[in-house]
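Here's the structure, in C-alpha coordinates; my notes come after.
Each chain gets a letter, A, B and so on, in the order its sequence line appears, and its residues count up from 1. In this text the structure is predicted, and so the values were computed from the model without any measurement.
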Protein chains: 2
Amino acid sequence: MINERLEAIKKFYHRHKRLPSYSEMLQLFTLSSKNAVFKIVQKCIGLGFIKKEGNKLAPTSKFFALPLVGLVKAGFPILAEENRDYLTLDEYLIEDPQSSFLLKVSGDSLIGLGIFDGDIVIIHKKHQALSGDVVLAQIDTEWTLKILKKDGVKAYLESANPKYPPFFPKQDLQIFGVVKAVVRKFN
Amino acid sequence: MINERLEAIKKFYHRHKRLPSYSEMLQLFTLSSKNAVFKIVQKCIGLGFIKKEGNKLAPTSKFFALPLVGLVKAGFPILAEENRDYLTLDEYLIEDPQSSFLLKVSGDSLIGLGIFDGDIVIIHKKHQALSGDVVLAQIDTEWTLKILKKDGVKAYLESANPKYPPFFPKQDLQIFGVVKAVVRKFN
DNA sequence: CAGTATAGTAAACAAATGTTCACTCTGTCA
DNA sequence: TGACAGAGTGAACATTTGTTTACTATACTG
(Lines give C-alpha, C1' and ligand atoms only; values in the text may rest on other atoms or scores of the structure.)
Protein backbone atom coordinates (compact mmCIF):
# COMPACT_ATOMS: atom_id res chain seq x y z
CA MET A 1 0.00 0.00 0.00
CA ILE A 2 2.56 2.55 1.11
CA ASN A 3 4.90 1.16 -1.52
CA GLU A 4 2.52 1.90 -4.35
CA ARG A 5 2.26 5.44 -3.06
CA LEU A 6 6.02 5.73 -2.98
CA GLU A 7 6.22 4.47 -6.53
CA ALA A 8 3.70 7.07 -7.59
CA ILE A 9 5.75 9.79 -5.92
CA LYS A 10 8.90 8.52 -7.61
CA LYS A 11 7.21 8.55 -10.98
CA PHE A 12 6.04 12.09 -10.37
CA TYR A 13 9.56 13.04 -9.38
CA HIS A 14 11.10 11.57 -12.49
CA ARG A 15 8.61 13.39 -14.67
CA HIS A 16 8.73 16.76 -12.93
CA LYS A 17 12.16 16.75 -11.24
CA ARG A 18 10.54 17.76 -7.99
CA LEU A 19 8.34 16.29 -5.29
CA PRO A 20 4.60 16.81 -5.59
CA SER A 21 2.89 19.17 -3.17
CA TYR A 22 0.20 17.85 -0.85
CA SER A 23 -2.58 18.91 -3.16
CA GLU A 24 -0.85 17.27 -6.09
CA MET A 25 -0.58 14.09 -4.05
CA LEU A 26 -4.31 14.27 -3.44
CA GLN A 27 -4.79 13.79 -7.16
CA LEU A 28 -1.92 11.29 -7.42
CA PHE A 29 -3.52 9.03 -4.84
CA THR A 30 -7.09 10.04 -5.67
CA LEU A 31 -7.80 10.98 -2.10
CA SER A 32 -9.82 13.90 -0.90
CA SER A 33 -8.30 14.91 2.40
CA LYS A 34 -4.95 16.53 2.82
CA ASN A 35 -4.63 14.87 6.18
CA ALA A 36 -4.50 11.48 4.48
CA VAL A 37 -1.60 12.77 2.42
CA PHE A 38 0.02 14.18 5.53
CA LYS A 39 0.03 10.75 7.14
CA ILE A 40 1.42 9.11 4.02
CA VAL A 41 4.25 11.61 3.87
CA GLN A 42 5.05 10.99 7.53
CA LYS A 43 5.33 7.33 6.73
CA CYS A 44 7.68 7.98 3.82
CA ILE A 45 9.82 10.08 6.11
CA GLY A 46 9.82 7.24 8.62
CA LEU A 47 11.01 4.89 5.90
CA GLY A 48 13.80 7.30 5.04
CA PHE A 49 12.82 8.19 1.50
CA ILE A 50 11.85 11.77 2.12
CA LYS A 51 13.08 14.39 4.52
CA LYS A 52 11.66 17.64 5.75
CA GLU A 53 13.42 20.95 6.31
CA GLY A 54 11.08 23.27 8.12
CA ASN A 55 8.02 22.27 6.17
CA LYS A 56 9.61 21.88 2.80
CA LEU A 57 9.88 18.39 1.44
CA ALA A 58 12.96 16.97 -0.22
CA PRO A 59 13.98 13.51 -1.31
CA THR A 60 16.81 11.73 0.47
CA SER A 61 19.49 9.90 -1.46
CA LYS A 62 17.67 6.67 -0.70
CA PHE A 63 14.84 8.10 -2.74
CA PHE A 64 16.65 8.07 -6.09
CA ALA A 65 19.28 5.53 -5.44
CA LEU A 66 19.37 2.00 -6.73
CA PRO A 67 20.14 -0.90 -4.44
CA LEU A 68 23.69 -2.11 -4.78
CA VAL A 69 24.15 -5.83 -4.34
CA GLY A 70 27.16 -8.02 -4.76
CA LEU A 71 28.15 -11.56 -5.50
CA VAL A 72 30.40 -13.13 -2.91
CA LYS A 73 33.82 -14.24 -4.04
CA ALA A 74 33.64 -17.04 -6.58
CA GLY A 75 30.15 -15.80 -6.97
CA PHE A 76 27.13 -17.54 -5.58
CA PRO A 77 24.66 -16.01 -3.20
CA ILE A 78 23.33 -12.49 -3.50
CA LEU A 79 23.70 -10.15 -0.58
CA ALA A 80 20.72 -9.98 1.70
CA GLU A 81 18.25 -7.12 1.52
CA GLU A 82 19.42 -5.94 4.93
CA ASN A 83 22.96 -4.89 4.15
CA ARG A 84 21.90 -3.12 1.04
CA ASP A 85 23.72 -0.10 -0.02
CA TYR A 86 22.13 2.56 -2.17
CA LEU A 87 23.89 4.45 -4.89
CA THR A 88 23.21 7.34 -7.20
CA LEU A 89 25.49 7.12 -10.17
CA ASP A 90 25.85 10.87 -10.58
CA GLU A 91 26.84 11.31 -6.98
CA TYR A 92 29.07 8.27 -6.98
CA LEU A 93 30.95 9.11 -10.15
CA ILE A 94 31.05 12.89 -10.18
CA GLU A 95 32.74 14.28 -7.14
CA ASP A 96 33.03 17.85 -8.29
CA PRO A 97 30.21 18.67 -10.73
CA GLN A 98 31.31 22.29 -11.04
CA SER A 99 34.60 21.43 -12.65
CA SER A 100 33.80 18.23 -14.48
CA PHE A 101 32.66 17.39 -17.96
CA LEU A 102 32.03 14.34 -20.07
CA LEU A 103 34.03 13.23 -23.05
CA LYS A 104 33.09 10.69 -25.63
CA VAL A 105 36.09 8.49 -26.34
CA SER A 106 37.15 7.63 -29.84
CA GLY A 107 39.88 5.21 -30.71
CA ASP A 108 41.25 2.07 -29.14
CA SER A 109 44.37 3.42 -27.49
CA LEU A 110 43.13 2.72 -23.96
CA ILE A 111 41.57 -0.72 -24.35
CA GLY A 112 44.05 -2.11 -21.86
CA LEU A 113 42.28 -0.07 -19.19
CA GLY A 114 38.88 -1.16 -20.40
CA ILE A 115 38.17 2.16 -22.06
CA PHE A 116 36.73 1.45 -25.47
CA ASP A 117 35.70 3.44 -28.50
CA GLY A 118 32.37 5.14 -27.78
CA ASP A 119 32.70 5.03 -24.01
CA ILE A 120 32.07 8.17 -22.01
CA VAL A 121 34.66 9.32 -19.51
CA ILE A 122 34.19 11.79 -16.69
CA ILE A 123 36.96 14.35 -16.70
CA HIS A 124 37.95 16.52 -13.80
CA LYS A 125 39.44 19.80 -15.03
CA LYS A 126 42.89 20.36 -13.61
CA HIS A 127 46.35 21.12 -14.87
CA GLN A 128 48.37 18.79 -12.69
CA ALA A 129 48.30 15.03 -12.64
CA LEU A 130 50.27 12.12 -11.27
CA SER A 131 52.25 9.59 -13.20
CA GLY A 132 49.85 6.84 -14.18
CA ASP A 133 46.76 9.04 -14.37
CA VAL A 134 44.71 8.94 -17.53
CA VAL A 135 44.72 12.51 -18.76
CA LEU A 136 43.19 14.70 -21.40
CA ALA A 137 46.21 16.52 -22.74
CA GLN A 138 47.46 18.64 -25.55
CA ILE A 139 50.73 17.32 -26.92
CA ASP A 140 52.32 19.61 -29.50
CA THR A 141 48.90 21.09 -30.42
CA GLU A 142 47.19 17.67 -30.67
CA TRP A 143 44.46 16.76 -28.22
CA THR A 144 44.49 13.26 -26.88
CA LEU A 145 43.46 10.95 -24.07
CA LYS A 146 46.40 8.93 -22.78
CA ILE A 147 48.23 7.72 -19.72
CA LEU A 148 50.58 10.27 -18.24
CA LYS A 149 54.03 9.03 -17.33
CA LYS A 150 56.62 10.98 -15.46
CA ASP A 151 60.15 9.78 -15.88
CA GLY A 152 62.06 11.96 -13.50
CA VAL A 153 61.47 15.46 -14.82
CA LYS A 154 60.35 14.41 -18.28
CA ALA A 155 56.70 13.71 -18.90
CA TYR A 156 55.30 11.73 -21.78
CA LEU A 157 52.13 9.95 -22.81
CA GLU A 158 51.54 6.26 -23.11
CA SER A 159 48.71 4.19 -24.58
CA ALA A 160 47.12 1.16 -23.00
CA ASN A 161 47.42 -0.72 -26.25
CA PRO A 162 50.61 -2.43 -27.47
CA LYS A 163 49.75 -1.26 -30.99
CA TYR A 164 50.83 2.28 -30.15
CA PRO A 165 54.21 3.60 -29.10
CA PRO A 166 54.63 6.18 -26.33
CA PHE A 167 54.39 9.84 -27.30
CA PHE A 168 57.17 12.16 -26.31
CA PRO A 169 56.34 15.84 -26.62
CA LYS A 170 58.61 17.78 -28.98
CA GLN A 171 57.84 21.08 -27.30
CA ASP A 172 54.76 21.11 -25.21
CA LEU A 173 52.67 18.83 -23.04
CA GLN A 174 49.73 20.47 -21.38
CA ILE A 175 47.28 18.71 -19.14
CA PHE A 176 43.63 19.76 -19.13
CA GLY A 177 42.01 17.16 -17.00
CA VAL A 178 42.16 13.77 -15.36
CA VAL A 179 39.82 10.87 -16.08
CA LYS A 180 37.92 9.99 -12.92
CA ALA A 181 35.52 7.36 -14.27
CA VAL A 182 34.31 5.51 -17.34
CA VAL A 183 30.83 4.65 -18.33
CA ARG A 184 29.60 2.36 -21.07
CA LYS A 185 26.09 1.58 -22.19
CA PHE A 186 25.32 -1.70 -23.92
CA ASN A 187 23.23 -2.05 -27.09
CA MET B 1 26.79 37.95 -12.32
CA ILE B 2 23.88 35.74 -13.19
CA ASN B 3 26.30 32.81 -13.41
CA GLU B 4 27.43 33.21 -9.82
CA ARG B 5 23.78 33.19 -8.80
CA LEU B 6 23.22 30.02 -10.79
CA GLU B 7 26.20 28.40 -9.14
CA ALA B 8 24.80 29.32 -5.76
CA ILE B 9 21.47 27.77 -6.66
CA LYS B 10 23.22 24.63 -7.90
CA LYS B 11 25.16 24.37 -4.67
CA PHE B 12 21.97 24.75 -2.71
CA TYR B 13 20.37 22.06 -4.84
CA HIS B 14 23.20 19.61 -4.31
CA ARG B 15 23.05 20.15 -0.59
CA HIS B 16 19.28 20.07 -0.17
CA LYS B 17 18.11 18.06 -3.19
CA ARG B 18 15.60 20.77 -4.00
CA LEU B 19 15.51 24.29 -5.32
CA PRO B 20 15.51 27.13 -2.80
CA SER B 21 12.36 29.17 -2.34
CA TYR B 22 12.39 32.89 -3.08
CA SER B 23 12.94 33.79 0.54
CA GLU B 24 15.78 31.31 0.78
CA MET B 25 17.32 32.88 -2.31
CA LEU B 26 17.10 36.24 -0.59
CA GLN B 27 19.57 34.92 1.95
CA LEU B 28 21.59 33.03 -0.65
CA PHE B 29 22.19 36.20 -2.63
CA THR B 30 22.09 38.49 0.39
CA LEU B 31 19.40 40.64 -1.17
CA SER B 32 16.48 42.21 0.56
CA SER B 33 13.75 42.33 -2.02
CA LYS B 34 11.87 39.35 -3.35
CA ASN B 35 11.42 41.16 -6.62
CA ALA B 36 15.17 41.04 -7.22
CA VAL B 37 14.96 37.28 -6.77
CA PHE B 38 11.97 37.12 -9.05
CA LYS B 39 13.95 38.75 -11.85
CA ILE B 40 16.93 36.46 -11.32
CA VAL B 41 14.70 33.42 -11.53
CA GLN B 42 13.16 34.72 -14.74
CA LYS B 43 16.63 34.99 -16.17
CA CYS B 44 17.50 31.45 -15.19
CA ILE B 45 14.32 30.28 -16.88
CA GLY B 46 15.31 32.22 -19.96
CA LEU B 47 18.68 30.48 -19.96
CA GLY B 48 16.92 27.12 -19.71
CA PHE B 49 18.21 25.97 -16.35
CA ILE B 50 14.97 26.19 -14.47
CA LYS B 51 11.37 25.70 -15.47
CA LYS B 52 8.09 26.67 -13.93
CA GLU B 53 4.89 24.64 -13.64
CA GLY B 54 2.15 26.91 -12.43
CA ASN B 55 4.28 28.75 -9.94
CA LYS B 56 6.34 25.86 -8.71
CA LEU B 57 9.97 25.83 -9.68
CA ALA B 58 11.83 22.79 -10.96
CA PRO B 59 15.23 22.27 -12.47
CA THR B 60 15.52 21.27 -16.12
CA SER B 61 17.90 18.54 -17.18
CA LYS B 62 20.32 21.24 -18.30
CA PHE B 63 20.46 22.23 -14.65
CA PHE B 64 22.15 19.05 -13.38
CA ALA B 65 23.73 17.80 -16.51
CA LEU B 66 27.37 17.94 -17.42
CA PRO B 67 28.47 19.17 -20.81
CA LEU B 68 29.36 16.36 -23.16
CA VAL B 69 32.17 17.13 -25.54
CA GLY B 70 33.99 14.95 -28.00
CA LEU B 71 37.26 14.64 -29.80
CA VAL B 72 36.92 14.52 -33.54
CA LYS B 73 38.16 11.43 -35.30
CA ALA B 74 41.89 10.94 -34.87
CA GLY B 75 41.47 13.30 -32.01
CA PHE B 76 42.43 16.92 -32.19
CA PRO B 77 40.07 19.80 -31.61
CA ILE B 78 37.44 19.87 -28.92
CA LEU B 79 33.88 20.49 -29.90
CA ALA B 80 32.78 24.07 -29.66
CA GLU B 81 30.71 25.32 -26.76
CA GLU B 82 27.76 25.82 -29.08
CA ASN B 83 26.97 22.26 -30.06
CA ARG B 84 27.26 21.09 -26.51
CA ASP B 85 25.13 18.28 -25.36
CA TYR B 86 24.20 17.82 -21.75
CA LEU B 87 23.95 14.52 -19.97
CA THR B 88 22.89 13.19 -16.61
CA LEU B 89 24.51 9.87 -15.97
CA ASP B 90 21.59 8.44 -14.02
CA GLU B 91 19.17 9.29 -16.77
CA TYR B 92 21.51 8.18 -19.50
CA LEU B 93 22.40 4.84 -17.99
CA ILE B 94 19.27 3.81 -16.15
CA GLU B 95 16.29 3.56 -18.41
CA ASP B 96 13.94 1.87 -16.01
CA PRO B 97 14.84 2.77 -12.44
CA GLN B 98 11.91 0.84 -11.00
CA SER B 99 13.26 -2.51 -12.15
CA SER B 100 16.98 -1.96 -12.10
CA PHE B 101 19.68 -2.53 -9.56
CA LEU B 102 23.43 -2.30 -9.33
CA LEU B 103 25.83 -5.18 -8.98
CA LYS B 104 29.46 -5.06 -8.00
CA VAL B 105 31.42 -7.34 -10.28
CA SER B 106 33.98 -9.77 -8.95
CA GLY B 107 36.24 -11.86 -11.09
CA ASP B 108 37.86 -11.45 -14.46
CA SER B 109 35.57 -13.55 -16.60
CA LEU B 110 34.30 -10.58 -18.62
CA ILE B 111 37.51 -8.64 -19.21
CA GLY B 112 37.08 -9.12 -22.96
CA LEU B 113 34.07 -6.83 -22.75
CA GLY B 114 35.92 -4.32 -20.64
CA ILE B 115 34.12 -5.39 -17.46
CA PHE B 116 36.72 -5.71 -14.73
CA ASP B 117 36.82 -6.85 -11.15
CA GLY B 118 35.29 -4.15 -8.95
CA ASP B 119 33.27 -2.51 -11.70
CA ILE B 120 29.62 -1.77 -11.13
CA VAL B 121 27.07 -2.97 -13.65
CA ILE B 122 23.50 -1.79 -14.05
CA ILE B 123 21.16 -4.73 -14.29
CA HIS B 124 17.68 -4.65 -15.68
CA LYS B 125 15.52 -7.29 -14.03
CA LYS B 126 13.98 -9.61 -16.61
CA HIS B 127 13.76 -13.29 -17.28
CA GLN B 128 14.33 -13.32 -20.99
CA ALA B 129 17.42 -12.30 -22.88
CA LEU B 130 18.90 -12.54 -26.33
CA SER B 131 21.91 -14.52 -27.40
CA GLY B 132 24.92 -12.33 -26.82
CA ASP B 133 23.47 -10.41 -23.88
CA VAL B 134 25.46 -10.25 -20.69
CA VAL B 135 23.19 -11.75 -18.08
CA LEU B 136 22.95 -12.33 -14.38
CA ALA B 137 21.94 -15.96 -14.23
CA GLN B 138 21.61 -18.94 -11.97
CA ILE B 139 23.21 -22.01 -13.51
CA ASP B 140 22.58 -25.17 -11.51
CA THR B 141 22.15 -23.15 -8.28
CA GLU B 142 25.26 -21.02 -8.88
CA TRP B 143 24.91 -17.29 -9.47
CA THR B 144 27.06 -15.79 -12.15
CA LEU B 145 27.52 -12.96 -14.60
CA LYS B 146 28.23 -14.25 -18.09
CA ILE B 147 27.39 -13.96 -21.75
CA LEU B 148 24.26 -15.81 -22.75
CA LYS B 149 24.51 -17.91 -25.89
CA LYS B 150 21.63 -19.64 -27.59
CA ASP B 151 22.57 -22.50 -29.85
CA GLY B 152 19.29 -23.45 -31.41
CA VAL B 153 17.16 -24.47 -28.44
CA LYS B 154 20.02 -24.98 -26.04
CA ALA B 155 21.25 -22.08 -23.97
CA TYR B 156 24.59 -21.86 -22.26
CA LEU B 157 26.91 -19.31 -20.71
CA GLU B 158 30.19 -18.04 -22.03
CA SER B 159 32.96 -15.91 -20.55
CA ALA B 160 34.74 -13.07 -22.25
CA ASN B 161 38.06 -14.47 -21.17
CA PRO B 162 39.88 -17.30 -22.98
CA LYS B 163 40.92 -18.63 -19.56
CA TYR B 164 37.43 -19.98 -18.94
CA PRO B 165 35.47 -22.62 -20.84
CA PRO B 166 31.76 -22.21 -21.62
CA PHE B 167 29.28 -23.38 -18.99
CA PHE B 168 26.57 -25.78 -20.04
CA PRO B 169 23.79 -26.17 -17.52
CA LYS B 170 23.30 -29.69 -16.21
CA GLN B 171 19.70 -29.02 -15.27
CA ASP B 172 18.76 -25.46 -14.98
CA LEU B 173 19.64 -22.06 -16.41
CA GLN B 174 17.60 -19.20 -15.09
CA ILE B 175 18.04 -15.60 -16.13
CA PHE B 176 17.47 -12.83 -13.61
CA GLY B 177 18.57 -9.77 -15.45
CA VAL B 178 20.47 -8.24 -18.31
CA VAL B 179 23.47 -5.94 -18.00
CA LYS B 180 22.63 -2.57 -19.51
CA ALA B 181 25.73 -0.61 -18.62
CA VAL B 182 29.06 -0.65 -16.81
CA VAL B 183 30.61 1.96 -14.66
CA ARG B 184 34.13 2.19 -13.29
CA LYS B 185 35.68 4.73 -11.00
CA PHE B 186 39.42 5.29 -11.05
CA ASN B 187 41.60 5.49 -7.93
C1' DC C 1 24.90 65.11 -21.84
C1' DA C 2 20.49 63.13 -21.87
C1' DG C 3 18.46 58.64 -22.38
C1' DT C 4 17.85 54.14 -21.16
C1' DA C 5 18.63 49.71 -19.63
C1' DT C 6 19.96 47.05 -15.36
C1' DA C 7 19.84 45.82 -10.46
C1' DG C 8 17.82 46.68 -6.47
C1' DT C 9 14.24 48.23 -2.52
C1' DA C 10 9.69 48.21 -0.27
C1' DA C 11 5.15 47.10 0.41
C1' DA C 12 0.89 44.81 -0.58
C1' DC C 13 -1.59 40.65 -2.62
C1' DA C 14 -4.20 36.46 -3.61
C1' DA C 15 -3.31 31.80 -3.75
C1' DA C 16 -1.29 27.78 -2.10
C1' DT C 17 1.36 25.61 1.35
C1' DG C 18 1.77 22.22 5.35
C1' DT C 19 -0.39 21.40 9.81
C1' DT C 20 -3.85 20.32 13.21
C1' DC C 21 -8.21 18.82 15.29
C1' DA C 22 -12.39 16.17 15.55
C1' DC C 23 -14.77 12.73 13.44
C1' DT C 24 -16.19 8.32 10.53
C1' DC C 25 -15.70 3.98 8.62
C1' DT C 26 -13.75 -0.08 8.01
C1' DG C 27 -11.40 -4.66 9.24
C1' DT C 28 -8.91 -7.47 12.75
C1' DC C 29 -8.06 -9.86 16.72
C1' DA C 30 -8.91 -11.45 21.27
C1' DT D 1 -18.97 -8.67 21.18
C1' DG D 2 -16.14 -5.14 22.02
C1' DA D 3 -11.86 -2.80 21.58
C1' DC D 4 -8.63 -0.84 18.83
C1' DA D 5 -5.62 0.47 15.29
C1' DG D 6 -5.45 1.99 10.25
C1' DA D 7 -7.04 4.76 6.59
C1' DG D 8 -9.72 8.40 5.17
C1' DT D 9 -12.93 12.80 5.42
C1' DG D 10 -13.67 17.77 6.08
C1' DA D 11 -12.91 22.04 7.77
C1' DA D 12 -10.11 25.62 9.86
C1' DC D 13 -5.45 27.67 10.57
C1' DA D 14 -1.32 30.52 10.41
C1' DT D 15 2.60 30.80 7.21
C1' DT D 16 4.72 31.04 3.25
C1' DT D 17 4.60 31.04 -1.43
C1' DG D 18 5.27 33.58 -5.98
C1' DT D 19 3.64 37.76 -8.15
C1' DT D 20 2.81 42.56 -9.03
C1' DT D 21 3.29 47.53 -8.83
C1' DA D 22 5.76 51.77 -8.03
C1' DC D 23 9.85 53.85 -7.17
C1' DT D 24 15.32 54.59 -6.60
C1' DA D 25 20.17 54.29 -7.73
C1' DT D 26 23.75 52.98 -10.70
C1' DA D 27 26.06 52.32 -14.92
C1' DC D 28 26.42 52.16 -19.70
C1' DT D 29 25.79 54.20 -24.40
C1' DG D 30 25.43 56.98 -28.39
Side-chain angles (χ1 to χ4, degrees), chain A residues 1-65 81-82 86 88 98, chain B residues 1-65 81-82 86 88 98:
Chain A
M1 194 64 186
I2 183 69
N3 277 314
E4 300 156 28
R5 263 77 192 264
L6 239 174
E7 291 308 312
I9 296 176
K10 283 185 185 176
K11 271 184 192 167
F12 186 101
Y13 191 93
H14 284 110
R15 248 202 314 284
H16 297 85
K17 306 287 179 200
R18 62 174 176 85
L19 289 180
S21 70
Y22 281 29
S23 26
E24 284 168 324
M25 290 192 211
L26 275 185
Q27 300 177 10
L28 260 187
F29 308 146
T30 51
L31 293 175
S32 53
S33 169
K34 282 209 279 180
N35 185 25
V37 171
F38 179 78
K39 290 174 184 170
I40 290 168
V41 169
Q42 293 302 329
K43 215 161 275 180
C44 292
I45 293 173
L47 293 171
F49 289 97
I50 291 179
K51 66 184 169 186
K52 208 179 279 186
E53 304 168 341
N55 56 9
K56 299 189 70 65
L57 297 177
T60 62
S61 48
K62 193 175 179 182
F63 182 86
F64 325 91
E81 300 261 331
E82 344 301 329
Y86 286 85
T88 317
Q98 314 282 358
Chain B
M1 194 67 185
I2 182 69
N3 277 314
E4 300 156 30
R5 263 76 191 267
L6 239 173
E7 292 308 311
I9 297 176
K10 283 186 184 175
K11 271 184 192 165
F12 185 100
Y13 191 94
H14 284 110
R15 248 202 314 283
H16 297 84
K17 307 286 179 199
R18 61 175 177 85
L19 289 180
S21 71
Y22 281 30
S23 27
E24 284 168 325
M25 290 192 212
L26 274 185
Q27 299 177 13
L28 260 187
F29 308 146
T30 50
L31 293 174
S32 54
S33 170
K34 281 210 280 180
N35 185 24
V37 171
F38 180 77
K39 289 174 183 170
I40 290 169
V41 169
Q42 293 301 329
K43 215 160 274 177
C44 292
I45 293 174
L47 294 171
F49 289 96
I50 291 179
K51 65 185 171 185
K52 208 179 279 187
E53 304 168 342
N55 55 10
K56 298 188 72 64
L57 297 176
T60 62
S61 48
K62 192 175 179 182
F63 181 86
F64 325 91
E81 300 262 331
E82 344 300 328
Y86 288 84
T88 317
Q98 314 283 358

- Query: Residues two or more places apart in sequence or in another chain: which of them pass ring pair (Phe, Tyr, Trp, His ring centres under 6.0 Å) with B/H14?
  - Reply: none
- Item | Within residues 19-32 of chain B: residues closer than 4.0 Å to DNA chain D (heavy atoms) | B/S21, B/Y22, B/S23
- Item | Distance, nearest 0.5 Å, that separates CG of A/N35 from CD1 of A/I40 | 10.0 Å
- Note on the structure: Bend of the helix from C/dC1-D/dG30 to C/dA30-D/dT1 from end-axis comparison, five pairs per end, nearest 10°, comes to 30°
- side chain to side chain donor-acceptor pair (under 3.5 Å) partners for B/S21, two or more places apart: B/S23, B/E24
- Task: Provide the closest heavy-atom pair for A/L19 versus A/F12 in the form atom of the first, atom of the second, distance.
- Result: C-CE2, 3.9 Å
- Could you give the distance from CD1 (B/I50) to CG (B/L6), rounded to the nearest 0.5 Å? 6.5 Å
- Task: Provide the start and end nucleotides, 5' to 3', of the part of DNA chain D that has atoms under 4.0 Å from heavy atoms of chain B.
- Result: D/dT17 to D/dA22
- Using heavy atoms and a sub-4.0 Å distance, could you list which residues of residues 9-16 of chain B are near DNA chain C? By number, please. none
- Task: Please name the pair of heavy atoms, one in B/Y22 and one in B/V41, separated by the smallest distance, quoted to 0.1 Å.
- Result: OH-CG1, 3.8 Å
- Note on the structure: Correct closest heavy-atom pair for B/F63 and B/F49 would be CB-O, 3.2 Å
- Message: Please report the interatomic distance CZ(A/F38) to CE(A/M25), rounded to the nearest 0.5 Å.
- Response: 11.5 Å
- Task: Specify the closest pair of heavy atoms between A/I2 and A/C44, including all atoms of both residues, with the distance to one decimal.
- Result: CD1-SG, 4.2 Å
- Item | Closest heavy-atom pair and its distance - A/I9, A/P20 | CG2-CD, 4.1 Å
- Query: Does anything in residues 56-65 of chain B pair up under salt bridge (Lys or Arg N to Asp or Glu O under 4.0 Å), and if so which pairs, sequence neighbours excluded?
  - Reply: none
- Note on the structure: So the side-chain hydrogen bond (donor to acceptor under 3.5 Å, both in side chains) pairs with at least one residue in residues 2-12 of chain A (sequence neighbours excluded) are none
- Task: Kindly write out the residues that satisfy side-chain contact (heavy atoms from CB on, under 4.5 Å) with A/A36, not counting sequence neighbours, or none if the list is empty.
- Result: A/L31
- Heavy-atom closest pair, residues B/A65 and B/T88: CB-OG1, 3.9 Å
- Query: Going by heavy atoms closer than 4.0 Å, what residues in residues 39-60 of chain B are next to DNA chain D?
  - Reply: B/K52, B/N55
- Item | All pairs passing side-chain hydrogen bond (donor to acceptor under 3.5 Å, both in side chains) where residues 37-54 of chain B contributes a residue, at least two apart | A/R18-B/E53
- 5' to 3' contact window, DNA chain C with chain B (heavy-atom distance under 4.0 Å): C/dA7 to C/dA10
